[in-house]
Amino acid sequence: MRWNTFERAVGTTFSPTWQNSGSVVTSLSSALIDRNHVVVDSVTAIASGNGYWYALHQLGNTPGPYVNEWRGWIEGYAYVTRQYLNVIDPQVD
């Protein structure tokens with residue numbers, strides 16, 4: 001299985017999006033989880049219209065792998081999806 005992977009630099013922002021047309025999602029949130037399974041940031045998703053949602057995460061100064069986890073409810077059922085985020089510290093010579 002291949003993960004949907006994003007790569008960002010330390011100290012920048014990460015704005016994942018969620019598309020859900022046809023079903024109403026409630027209580028949608030986005031979290032960043034580090035390699036030790038600790039939630040380092042969690043935000044409530046913001047609706048931008050036509051079934052699109054987004055979240056805005058401020059990335060810290062710690063490089064490494066993270067998982068972006070979306071959680072919401074659709075018609076009374078819990079829905080969870082994840083994507084991989086690699087935060088790097090680019091070195092400039």
Side-chain angles (χ1 to χ4, degrees):
M1 178 179 179
R2 184 173 165 89
W3 281 68
N4 185 10
T5 304
F6 297 91
E7 191 168 75
R8 299 292 186 271
V10 296
T12 61
T13 55
F14 175 59
S15 184
T17 58
W18 163 297
Q19 180 190 9
N20 192 55
S21 59
S23 297
V24 176
V25 63
T26 58
S27 302
L28 185 61
S29 65
S30 174
L32 291 181
I33 303 167
D34 70 9
R35 73 175 80 212
N36 297 315
H37 306 283
V38 174
V39 175
V40 295
D41 191 37
S42 179
V43 298
T44 300
I46 300 166
S48 59
N50 296 324
Y52 287 91
W53 299 73
Y54 72 95
L56 185 60
H57 294 281
Q58 179 67 42
L59 301 177
N61 292 321
T62 305
Y66 292 84
V67 170
N68 172 229
E69 180 177 275
W70 288 94
R71 288 185 171 264
W73 290 87
I74 300 173
E75 298 179 12
Y77 294 96
Y79 187 85
V80 178
T81 187
R82 296 178 180 99
Q83 53 197 2
Y84 184 77
L85 171 65
N86 189 29
V87 178
I88 61 169
D89 186 5
Q91 300 295 317
V92 179
D93 290 335

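With contacts defined as side-chain heavy-atom distances shorter than 4.5 Å, the pair Q83/T5 does not qualify. Using a 4.5 Å heavy-atom cutoff, the side chains of I33 and V38 are not in contact. Under the 4.5 Å side-chain criterion, counting only non-hydrogen atoms from C-beta, T17 is not in contact with W53. Counting heavy atoms from C-beta on, the side chains of V39 and D34 never come closer than 4.5 Å. Proximity of N68 to H57: side-chain heavy atoms (C-beta onward) are separated by under 4.5 Å at one or more points. Between S42 and S30, every side-chain heavy-atom pair lies at or beyond the 4.5 Å cut-off. Counting only heavy atoms from C-beta outward, the side chains of V87 and Y66 approach each other to under 4.5 Å. At a threshold of 4.5 Å between non-hydrogen side-chain atoms, the residues R8 and L85 count as touching.
Between T12 and A9 the shortest heavy-atom distance is OG1-O, 2.6 Å. Residues S15 and Y54 come closest through the heavy atom pair OG-CD1, 4.0 Å. For Y84 against P65, the heavy-atom pair with the smallest separation is OH-CB, 3.0 Å.
A search for ring-ring contact (aromatic ring centres under 6.0 Å, His included) contacts involving F6 returns F14, not counting sequence neighbours. Here N20 pairs with W18, S23, V25, I74 under the side chain to side chain contact (heavy atoms under 4.5 Å, CB included) rule; sequence neighbours left out.
One distance of note links OG1 of T44 with CG of L28; it measures 8.5 Å at 0.5 Å rounding. Here the straight-line distance linking atom OH of Y79 with atom OG1 of T26 works out to 14.0 Å at 0.5 Å rounding.
Put simply, the residue from L32, V10, D41 that forms a side chain to side chain contact (heavy atoms under 4.5 Å, CB included) with L59 is L32.
Q58 contributes a side-chain N or O that, together with a main-chain N or O of G11, makes up a donor-acceptor pair within less than 3.5 Å.
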